[in-house]
Protein chains: 2
Amino acid sequence: MTEHTTGRVDHEADLRKAGIRITRPRRIILRIVSETDDHPDAYEIFRRAVKVDKNISLSTVYRTMKLLEEHGTIQRHAFAGGPSRFEHAGEEHHDHLIDVETGDVIEFRSDKIEKLQDEIARELGYDILHHKLELYGRKRRSA
Amino acid sequence: MTEHTTGRVDHEADLRKAGIRITRPRRIILRIVSETDDHPDAYEIFRRAVKVDKNISLSTVYRTMKLLEEHGTIQRHAFAGGPSRFEHAGEEHHDHLIDVETGDVIEFRSDKIEKLQDEIARELGYDILHHKLELYGRKRRSA
DNA sequence: ATGCAAATGCAAATCGTTTGCAACAAAAAA
DNA sequence: TTTTTTGTTGCAAACGATTTGCATTTGCAT
Ligand SMILES: [Mn+2]
Ligand SMILES: [Mn+2]
Ligand SMILES: [Zn+2]
Ligand SMILES: [Zn+2]
């Protein structure tokens, strides 16, 4: 990842270096996904993009999400059968707790669990490429 | 779950007790899901069902899967964005390692991980209703 | 500035799944 | 057992999410 003097990642330079063209829609979508801290789906990204440029199409959002995913800029999640939701892949790896009542997504990370996963896979003769850990829960009612 | 003298679960009696009608298509689908040890999707179940009764419809498979899921007879998985895949919910809880090359599904269980998940959720103020842990990996090439 | 490959918007197609509805079959009542 | 009630079926059409074909436009190397 190309680092700018600020310490922030310069996605555009990064993509250019990979031979990917920077177009107006791509620039806009890239800003949206890298500046949010939630987990929007394609349609939500489209909705936000249209506010910037009225004639961006949903197709382009989908195409761009796939491109950015392949390039490692973003990550795709498929929580509970719903539409794919995306997040910027800059920060360290983490997993998710989904509030089944509100749909809220809470991030967490457990090094112990991560390590145990590797051990399990190794015992089974596999190398883990990626994994998905999602907890679905409800706020504890301390009535 | 109703146990027969054999020790095996009698799903039909079980469903009847819950006021659910046992029909010919349901009986056939029930046999298919309770006798396989893989994780077929709806269409695969349909394919197998048609071999028994030529005019079972895919709609009925979908409707029955939903019914059995709600009743707790089967479990639904959504591996890697693909179609839902099902498995009989008789055995103890386990998680899955998916071979990204072959699509094979390997089952495993880690009490340590299960416990850690509960701890994490508790610390975040949540009770876990269910969870999903999927490892995606490739057979280790010990070259 | 020019040319060409690549990306866009739009509409139509695709995939997995759900639904409305008339015919039908299971369980309940007679 | 026959009738009545009520749930279930198969089929086709609708659905939501995503992908694709294609004519047009754009980025960008020359
Ligand atoms: Mn996240
Ligand atoms: Mn399993
Ligand atoms: Zn993790
Ligand atoms: Zn588990």
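This is a predicted model, so every value here is computed, not measured. Order of the sequence lines fixes the chain letters, A, B, ..., with proteins taken first and strands second; residue numbering starts at 1 for each chain.
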Just checking A/Arg26: base, sugar-phosphate only, or nothing, at a heavy-atom cut-off of under 4.0 Å?
sugar-phosphate

Looking at B/Ser84 and B/Arg76, what are the two nearest heavy atoms and their distance?
OG-NH1, 3.1 Å

Quick one: A/Leu15 CG to D/dG27 C1', roughly how many Å, whole number?
14 Å

In whole angstroms, the gap separating P of D/dT25 from CG of A/Asp53 amounts to 15 Å

Would you indicate, yes or no, if D/dT19 has its OP1 or OP2 atom less than 4.0 angstrom from a side-chain nitrogen or oxygen of A/Tyr62?
no

How is the base pairing of DNA chain D summarised as a dot-bracket string, given the Watson-Crick and G-U wobble criteria with both distances under 3.5 Å, [ ] for crossing and | for another strand?
||||||||||||||||||||||||||||||

Roughly how many Å is it from CD1 in B/Ile20 to P in D/dT9, rounded to a whole number?
11 Å

Nucleotide range of DNA chain C lying under 4.0 Å from chain A heavy atoms
C/dA5 to C/dA11

What is the nucleic acid contact for B/Ser59, judged by heavy atoms within less than 4.0 Å: base, sugar-phosphate only, or nothing?
base

How about A/His39 and A/Glu107: does a side-chain donor come under 3.5 Å of a side-chain acceptor?
yes

State whether A/Asp53 and A/Arg24 are salt-bridged, where the test is any N-O pair (Lys NZ or Arg NE/NH1/NH2 against Asp/Glu carboxylate O) under 4.0 Å.
yes

Between B/Ile22 and B/Ser84, name the one whose nearest nucleotide on DNA chain C is closer to the 5' end.
B/Ser84

Give the nucleotide from the list D/dT20, D/dG10, D/dC28 with an atom nearest to the side chain of A/Lys66.
D/dT20

Could you check A/Arg63 against B/Arg21 and say which one's nearest nucleotide on DNA chain D is further toward the 5' end?
B/Arg21

From CD1 of A/Ile28 across to P of D/dT26 the rounded distance in Å is 13 Å

Comparing A/Ile56 with B/Arg27, nearest DNA chain C nucleotide closer to 5' gives the residue A/Ile56

Are A/His71 and A/His11 an aromatic pair, judged by ring center distance below 6.0 Å?
no

Please work out if B/Asn55 contacts a base, only the sugar-phosphate, or nothing of the nucleic acid, heavy-atom cut-off 4.0 Å.
sugar-phosphate

Within a strict 4.5 Å, meaning less than it, do heavy atoms of the B/Arg122 and B/Glu119 side chains meet?
yes

Rounded to whole Å, please give me the gap between CZ in A/Arg24 and P in D/dC28.
14 Å

Send over the distance from B/Met65 CE to D/dT8 C1', rounded to a whole Å.
17 Å

Kindly determine whether A/Phe79 and A/His96 satisfy ring-ring contact (aromatic ring centres under 6.0 Å, His included), including the steps that lead there.
CA-CA 9 Å; A/Phe79 300 137; A/His96 300 95; 5.3 Å; yes

Can you establish whether the number of heavy atoms outside A/Arg31 located under 6.0 Å from its atom CZ is more than 12?
no

Would you say A/Glu134 and B/His131 make side-chain contact, with heavy atoms under 4.5 Å?
no

Just wondering, more than 12 heavy atoms not from B/Arg138 lying within 6.0 Å of its CZ?
no

